[in-house]
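Chain identifiers are assigned alphabetically (A, B, ...) following the order of the sequence lines, protein sequences preceding nucleic acid strands; residue numbering begins at 1 within each chain. No hydrogens, no waters, no symmetry mates; every other heavy atom, side chains included, goes into these values.
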There are 2 protein chains.
Amino acid sequence: MMNMNENSAFTDPYDSLAALFRALSHPARLAILEVLREGEACVCHIETLLGLRQAYVSQQLMLLRQSRLVSMRRQGWNVFYYISDPRVFEVLDQARAMLPAPLPPLPRTPASQCTCPKCRIAPQMQ
Amino acid sequence: MMNMNENSAFTDPYDSLAALFRALSHPARLAILEVLREGEACVCHIETLLGLRQAYVSQQLMLLRQSRLVSMRRQGWNVFYYISDPRVFEVLDQARAMLPAPLPPLPRTPASQCTCPKCRIAPQMQ
DNA sequence: CATTCATATTCATCATATTGAATGTTATCT
DNA sequence: AGATAACATTCAATATGATGAATATGAATG
């Protein structure tokens, strides 16, 4: 990991903690986690909500999975992602509290074209 | 910042939060913050405690300063660094709590050769 | 089994971060 | 002023991360 040098017995223990923060150090990944705060969501849902390309969302989800921040479950054609450990939101909330300005909430209903079962059943809950 | 592309109106607000996490995503910087948890410290102190080169410590301190995580105060030959906003430790502590194994504490007294006034007055408090 | 839908992965490219080495700066002391 | 102590900065090399485009996979359906 990293450039891996100038490290010391005293900084090494922080590698795993640093890795956790690195997983959180990307706006798209943070936005995805916020989507999942509401509950599990399929990839098409995340795509639509955030206005990102499918492959891009999958890439970020892969990184979140590798960091063990999210897990997935397959159901028919869809893959539903969910938060592995809700304690991540305590980290996120404490960090948000440090920002000079509050972050806006996620969009309510983004004219979703998502066609997953859940969306068909409860289509963008007006 | 970043590669800056494939972003959206919905991920943009998370840029500043991501920047905060990026500042925390490095073992040496985390170790420095832990040193400063005990109170302000001069650069020579951090060097000695963590076994890192002086220039390297200064570089990391510069990044921490740019992220407004630490502030500094000059006193004679020494520059003392201190935590700007103690809420950072709430972020750190919540993140630590997510790790599978607990992190070891910082070294008590690393045979300090630090010669700053504070160390001369209270030399490595056995 | 071919097709389709939803999602995943790979690869190439470009951007950013890390690090070491060298050098610059500032305050103090003689 | 010159020397020195403590720190800071710059520069270049390398490593890592981000992104887009293309392609692959796996489950379901006809």
Whole angstrom value for the distance that separates [atom2] of [N] from [atom1] of [X]:
X       : N      : atom1 : atom2 : value
B/Phe21 : D/dG17 : CZ    : C1'   : 18 Å
A/Arg53 : C/dT9  : CZ    : P     : 16 Å
B/Leu61 : D/dT9  : CG    : P     : 11 Å
B/Gln60 : D/dT10 : CD    : P     : 16 Å
A/Met62 : C/dC11 : CE    : P     : 12 Å
B/Leu64 : C/dA17 : CG    : C1'   : 14 Å
A/Tyr56 : C/dT7  : OH    : P     : 18 Å
B/Leu63 : C/dT19 : CG    : P     : 10 Å

If you count the non-hydrogen atoms of other residues, nucleotides and ligands that lie under 6.0 Å from CZ in B/Arg73, is the total more than 12?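 Counting other residues, nucleotides and ligands, CZ of B/Arg73 exceeds 12 neighbours.
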For [Y], does its backbone N or O pair with a side-chain atom of [X] as donor and acceptor, under 3.5 Å?
X       : Y       : value
B/Arg29 : B/Ala23 : yes
B/Arg65 : B/Met72 : no
B/Ser25 : B/Arg22 : yes

Taking B/Ile83 as the starting point, is it possible to reach B/Leu69 by hopping between hydrophobic residues whose side chains are less than 4.5 Å apart?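 In one cluster: yes.
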Same apolar cluster: B/Met62 and B/Leu20, side chain cutoff 4.5 Å: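 Per the 4.5 Å side-chain linkage, B/Met62 and B/Leu20 are not co-clustered.
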Look at the side-chain N and O atoms of B/Arg65 and state whether any lies under 4.0 Å from the OP1 or OP2 oxygen of D/dC7.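 Answer no for this pair, as no side-chain N or O of B/Arg65 is under 4.0 Å from OP1 or OP2.
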Would you say A/His45 places a side-chain N or O within less than 4.0 Å of OP1 or OP2 belonging to C/dA6?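 Indeed not, no polar side-chain atom of A/His45 lies that close.
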Between C/dT7, D/dG17, C/dT18, spot the one nearest the side chain of A/Arg22, thanks.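 That would be D/dG17.
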Is there a donor and acceptor pair, one atom on the side chain of B/Gln59 and one on the base of D/dT10, closer than 3.5 Å?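 Side chain to base: pair found, below 3.5 Å.
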Hey, is the side chain of B/Gln54 pairing donor to acceptor with the base of D/dA8 inside 3.5 Å?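 Result: at least one qualifying N/O pair found.
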Would a 4.5 Å heavy-atom cut-off, applied to side chains only, mark B/Phe21 and A/Leu92 as touching?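 Yes; the side chains approach each other to less than 4.5 Å.
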Just so I know, are the side chains of A/Leu49 and B/Phe10 near enough to count as touching, which here means a heavy-atom distance under 4.5 Å?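 No; the side chains remain at least 4.5 Å from each other.
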Identify whether any heavy atom of A/Tyr81 sits under 4.0 Å from a base atom; if not, whether one sits that close to sugar-phosphate; answer base, sugar-phosphate or nothing.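 Sugar-phosphate contact only.
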Roughly what angle, to 10°, lies between the helix axis at the start of the helix from C/dC1-D/dG30 to C/dT30-D/dA1 and the one at its end, five pairs per end?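 Angle reported: 10°, given to the nearest ten degrees.
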In residues 69-78 of chain B, what residues come within less than 4.0 Å of DNA chain D, judged by heavy atoms?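 Close to the strand are B/Trp77, B/Asn78.
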What do the steps show when you test B/Leu61 against B/Ile46 for side chain to side chain contact (heavy atoms under 4.5 Å, CB included), and what is the final call? CA-CA 10 Å; B/Leu61 284 168; B/Ile46 299 172; 4.2 Å; yes
